[in-house]
Amino acid sequence: MLTLYDRTVTSRLLLGTARYPSPAILAEAVARSKAEIVTVSLRRETAGGRQGGQFFEMIREWGVHVLPNTAGCHSVAEAVLTAKMARDVFATDWIKLEVIGHHDTLQPDVFGLVEAARILTGEGFQVFPYTTDDLVVAERLVEAGCAVLMPWCAPIGSAAGPQNIASLKAMRAAFPDIPLIVDAGIGRPSHAATVMELGYDAVLLNTAVAGAADPARMASAFAGAIAAGRCAFEAGPLEPRDMAVPSTPVIGRAVFA
């Protein structure tokens with residue numbers, strides 16, 4: 001079980017809802033993933049007018065928790081305003097906070113992120129900040145009131161997988177009691193299993209599933225990989241060794257002349 005602010009879920013996979021070939025394929029992917037939390041970009045869907053309203057109604061029918069996000073926001077003011085609009089539309093205090101600082105890498109503006117987080121938590125929001133793997137930034141976000149952290153493992157949509165395992169390990173060690181959700185850069189189920197084996201609490205995916213040839217089947221693959229990675233972490237995997245260690249006992253072996 002995973003507790004995020006005031007809610008407990010069984011699935012450790014959070015699924016994005018953008019860029020699917022059709023609403024039917026999205027619905028099947030959500031069902032196959034067994035995700036209980038889906039993210040939604042208020043800016044993108046409201047831009048669709050009536051179609052956006054139909055989209056909102058569809059996801060409500062799934063019975064999942066909605067995590068609105070501030071995707072595409074490049075300033076504190078824009079992110080805060082979008083968060084407030086999302087709260088009105090979805091009647092939730094949850095917000096995935098994104099304040100983008102670089103157009104090419106979509107790297108967070110960590111200074112604006114901390115400022116926006118402080119404003120939103122002060123107004124009662126439960127903030128899920130999309131951040132880097134920087135420990136100082138993470139500390140500032142926690143001080144600002146964030147009870148969940150969402151570090152990237154690679155740029156959004158890159159599918160590059162974990163780029164700095166040492167940093168991810170350091171963040172897990174530095175925040176043992178804070179739920180950590182890897183957000184951005186996961187491309188394959190093996191990537192998701194790797195970060196879960198490090199002790200991360202969940203993974204948020206979008207492009208890796210939506211962009212697959214068979215999104216529903218890929219969603220199922222990720223669900224299995226994330227569950228396996230968590231199980232492996234809880235089982236206590238062996239650490240790498242510098243030399244070989246025989247798996248077969250040598251004491252009492254038969255000796256032939």
Asker: Would you mind reporting whether Phe125 and Val80 have side-chain heavy atoms less than 4.5 Å apart?
Answerer: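 When only atoms from C-beta onward are counted, Phe125 and Val80 do not touch, as no gap falls below 4.5 Å.
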
Asker: Could Arg172 and Asp201 be called an ion pair, given the rule that one side-chain N must be under 4.0 Å from one carboxylate O?
Answerer: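 Counted as a salt bridge, because a side-chain N and a carboxylate O are separated by less than 4.0 Å.
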
Asker: Strictly below 4.0 Å, N to O, side chains only: are Arg7 and Glu36 in salt-bridge contact?
Answerer: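 No, this pair does not count.
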
Asker: Between the main-chain N or O of Leu97 and the side-chain N or O of Thr70, is there a donor-acceptor pair closer than 3.5 Å?
Answerer: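 No, because the side chain of Thr70 does not come within donor-acceptor range (under 3.5 Å) of the backbone of Leu97.
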
Asker: Flag the pair Tyr200 / Met171 as yes when at least one side-chain heavy-atom distance between them is below 4.5 Å, and no otherwise.
Answerer: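 Answer yes - side chains close enough.
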
Asker: Given side chains that start at C-beta, do those of Ile181 and Leu4 come closer than 4.5 Å, heavy atoms only?
Answerer: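 Answer yes - side chains close enough.
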
Asker: Salt bridge (charged side-chain N to carboxylate O under 4.0 Å, His left out) with Asp109: which residues, sequence neighbours excluded?
Answerer: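 Expected list: none.
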
Asker: If the plane angle is over 60° it's perpendicular, under 30° parallel, otherwise tilted; pick one for Trp94 and His65.
Answerer: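 The rings of Trp94 and His65 sit tilted, inter-plane angle from 30° to 60°.
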
Asker: Answer yes or no: is there a donor N or O on one side and an acceptor on the other, between the side chain of Arg217 and the main chain of Ala29, under 3.5 Å?
Answerer: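 Such a contact is absent between Arg217 side chain and Ala29 backbone.
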
Asker: For Asn206 and Ala18, indicate whether the former's side chain and the latter's backbone hold a donor-acceptor pair under 3.5 Å.
Answerer: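 Flag set: sc Asn206 to bb Ala18 pair under 3.5 Å.
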
Asker: For the side chain of Gln126 and the backbone of Gly124, is there at least one donor-acceptor N/O pair under 3.5 Å apart?
Answerer: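 Side chain of Gln126 to backbone of Gly124, a donor-acceptor pair under 3.5 Å: no, none is there.
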
Asker: Between Val182, Leu180, Ile226, which is the residue that forms a side-chain contact (heavy atoms from CB on, under 4.5 Å) with Val195?
Answerer: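 Between Val195 and the candidates, side-chain contact (heavy atoms from CB on, under 4.5 Å) is satisfied uniquely by Val182.
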
Asker: Indicate yes or no: at least one non-hydrogen side-chain atom of Val38 is less than 4.5 angstrom from one of Val30.
Answerer: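 When only atoms from C-beta onward are counted, Val30 and Val38 do touch, with a gap below 4.5 Å.
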
Asker: Would a distance-only check, ignoring hydrogens and angles, find a side-chain to backbone donor-acceptor pair under 3.5 Å from Thr17 to Thr39?
Answerer: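 Indeed, once roles are kept as given, a pair shorter than 3.5 Å links the two residues.
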
Asker: Is the backbone of Ala147 close enough, under 3.5 Å, to the side chain of Tyr5 for a donor and an acceptor to pair up by distance?
Answerer: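 Side chain of Tyr5 to backbone of Ala147: a pair is present.
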
Asker: Has Arg188 got more than 12 heavy atoms of other residues, nucleotides or ligands less than 6.0 Å from its CZ?
Answerer: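 Counting other residues, nucleotides and ligands, CZ of Arg188 stays at 12 neighbours or fewer.
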
